[in-house]
Protein chains: 2
Amino acid sequence: MQPKAKKKAAELAGELPAELTQARRFGKTRSAQSGALLEDYVELIDDLLTSNGEARPTDVARRLGVSHATAIKTIARLKRAGLATGRPYRGVFLTQEGQKLAARVRMRHRLVVDILLALGVPAEAAEADAEGIEHHVSDATLRAFAQFLESRVPS
Amino acid sequence: MQPKAKKKAAELAGELPAELTQARRFGKTRSAQSGALLEDYVELIDDLLTSNGEARPTDVARRLGVSHATAIKTIARLKRAGLATGRPYRGVFLTQEGQKLAARVRMRHRLVVDILLALGVPAEAAEADAEGIEHHVSDATLRAFAQFLESRVPS
DNA sequence: TATCAAATGTAGCTTTAGCTACACTTCTGC
DNA sequence: GCAGAAGTGTAGCTAAAGCTACATTTGATA
Ligand SMILES: [Mn+2]
Ligand SMILES: [Mn+2]
Ligand SMILES: [Mn+2]
Ligand SMILES: [Mn+2]
């Protein structure tokens with residue numbers, strides 16, 4: 001049904017099929033995406049705990065721009081995932097694991113914003129785009145970003 | 001329930017509430033994400049049409065690493081959105097709108113990969129991360145990327 | 001031309017993420 | 001101490017994106 005001549009040649013040459021490579025990349029993107037929401041929640045809850053001493057579902061909801069019912073359901077998912085704790089009507093807290101994740105996520109967020117600014121992206125666009133981009137930056141890419149920023153003349 | 005003194009001062013100073021700004025950013029990220037899958041499908045279908053002359057659901061599925069049933073359902077969504085056409089058992093094609101989107105998406109994808117490479121990200125990480133990052137790059141950021149690459153010494 | 005493998009499509013299930021509407025606590029102010 | 005507002009939680013809906021299992025169509029080939 002399809003011409004296979006070239007494909008066979010490539011496989012014989014030891015390359016792994018391009019389709020598999022592409023499928024693996026898309027798969028990585030999908031799993032990064034499935035963690036993105038939890039990352040944002042954890043980062044935000046940590047912010048609220050630091051600045052307010054408490055993190056209430058309503059505050060989380062307002063900052064994210066979703067209904068409080070949605071926020072509460074996602075917070076339940078955080079608890080199931082072992083990232084958060086808290087008793088009914090008593091606010092949300094982070095487990096140790098949640099705190100570790102929050103720290104990593106915040107660091108990565110800052111680094112992404114800094115890179116965008118260094119590339120000349122306007123401040124508001126940098127902040128807005130970083131909110132989505134951050135979840136798709138691998139460790140290897142993160143290292144490259146850090147090194148690039150270090151190697152710059154600091155202002 | 002919360003101390004409001006500082007907040008009121010900021011509002012009186014003419015700043016719009018930080019919560020709203022943050023909520024708007026998260027909202028942008030959510031809508032970018034909801035378009036991401038369609039963008040990848042359209043780009044991939046265009047690839048297949050160019051290289052094979054046809055785009056079959058099975059090929060789309062294999063390249064994306066999902067089941068053919070999933071691919072078919074998403075392709076139905078593309079048709080509903082006016083991006084694709086095609087009759088049962090006869091392959092998928094792109095509408096004019098779909099072709100225009102594919103062109104934009106491919107250009108943006110290349111630019112993101114190029115920027116990552118320019119920043120010293122290893123090739124495979126650049127390709128993999130770009131697959132997710134691309135969907136969160138605004139026009140303003142895209143312009144900054146293009147300008148940054150132009151202003152480089154070309155090798 | 002009849003067969004049969006591959007491709008395509010359909011059905012039905014799960015999880016996630018959003019919403020509105022309603023019910024129940026908590027806490028503040030009087 | 002109580003009333004009412006604010007916050008929290010639950011129920012029930014939709015749509016997306018994934019899956020497996022099964023049914024149907026196409027088309028290559030014997
Ligand atoms: Mn984010
Ligand atoms: Mn963030
Ligand atoms: Mn992509
Ligand atoms: Mn792409």
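All heavy atoms count here, side chains included; hydrogens, waters and symmetry mates do not.
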To the nearest angstrom, how far is [X] atom [atom1] from [N] atom [atom2]?
X	N	atom1	atom2	result
B:Arg62	C:dA6	CZ	P	12 Å
B:Glu54	D:dG27	CD	C1'	13 Å
A:Leu64	C:dT16	CG	C1'	15 Å
B:Arg56	C:dT8	CZ	C1'	10 Å
A:Gln33	D:dA16	CD	P	16 Å
B:Arg63	C:dA7	CZ	C1'	17 Å
A:Ile75	D:dT10	CD1	C1'	15 Å
A:Ile72	C:dT16	CD1	P	18 Å

Look at the side-chain N and O atoms of B:Thr58 and state whether any lies under 4.0 Å from the OP1 or OP2 oxygen of C:dT8. yes

Name all pairs fulfilling the ring pair (Phe, Tyr, Trp, His ring centres under 6.0 Å) condition that reach into residues 97-149 of chain B, sequence neighbours left out, sorted by first residue then second.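 Passing the test, one end in residues 97-149 of chain B: A:His136-B:His136.
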
Could you note down all residue pairs passing ring pair (Phe, Tyr, Trp, His ring centres under 6.0 Å) where residues 56-93 of chain B supplies at least one of them, sequence neighbours left out? none

Side-chain donor-acceptor contact under 3.5 Å, A:Ser31 with A:Ser34: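 There is no such pair between these side chains.
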
Less than 4.0 angstrom from a charged side-chain N to a carboxylate O is my criterion; do A:Glu39 and A:Arg108 meet it?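 Judged by the 4.0 Å cut-off on N to carboxylate O distance, A:Glu39 and A:Arg108 do form a salt bridge.
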
Check ion pair A:Arg63-B:Glu19 (N to O, under 4.0 angstrom): no

Crowded around B:Gln147 CD? As in, over 12 foreign heavy atoms under 6.0 Å?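 For B:Gln147, atom CD is not crowded (no more than 12 foreign heavy atoms under 6.0 Å).
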
Strictly below 4.0 Å, heavy-atom distances to any atom of DNA chain C: list the hits from residues 80-90 of chain B, or just say none. B:Pro88, B:Tyr89

Considering only heavy atoms from C-beta outward, does the side chain of B:Arg62 approach that of B:Thr58 to under 4.5 Å? yes

Please, which pairs that meet salt bridge (Lys or Arg N to Asp or Glu O under 4.0 Å) have at least one residue in residues 130-142 of chain B, sequence neighbours excluded?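 Found none.
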
Tabulated below should be each protein N or O lying under 3.5 Å from an N or O of nucleotides 18-21 of chain D; please produce it.
residue: D:dG18; atom: O6; partner: B:Lys73; partner atom: NZ; Å: 2.6
residue: D:dC19; atom: OP2; partner: B:Ser67; partner atom: N; Å: 2.9
residue: D:dC19; atom: OP2; partner: B:Ser67; partner atom: OG; Å: 3.2
residue: D:dC19; atom: OP2; partner: B:Thr70; partner atom: OG1; Å: 2.8

Side-chain donor/acceptor pairs under 3.5 Å, residues 42-49 of chain A, sequence neighbours excluded:
residue: A:Asp46; atom: OD2; partner: A:Arg106; partner atom: NH1; Å: 3.0
residue: A:Asp46; atom: OD2; partner: A:Arg106; partner atom: NH2; Å: 3.3
residue: A:Asp47; atom: OD1; partner: A:Arg106; partner atom: NH2; Å: 2.6

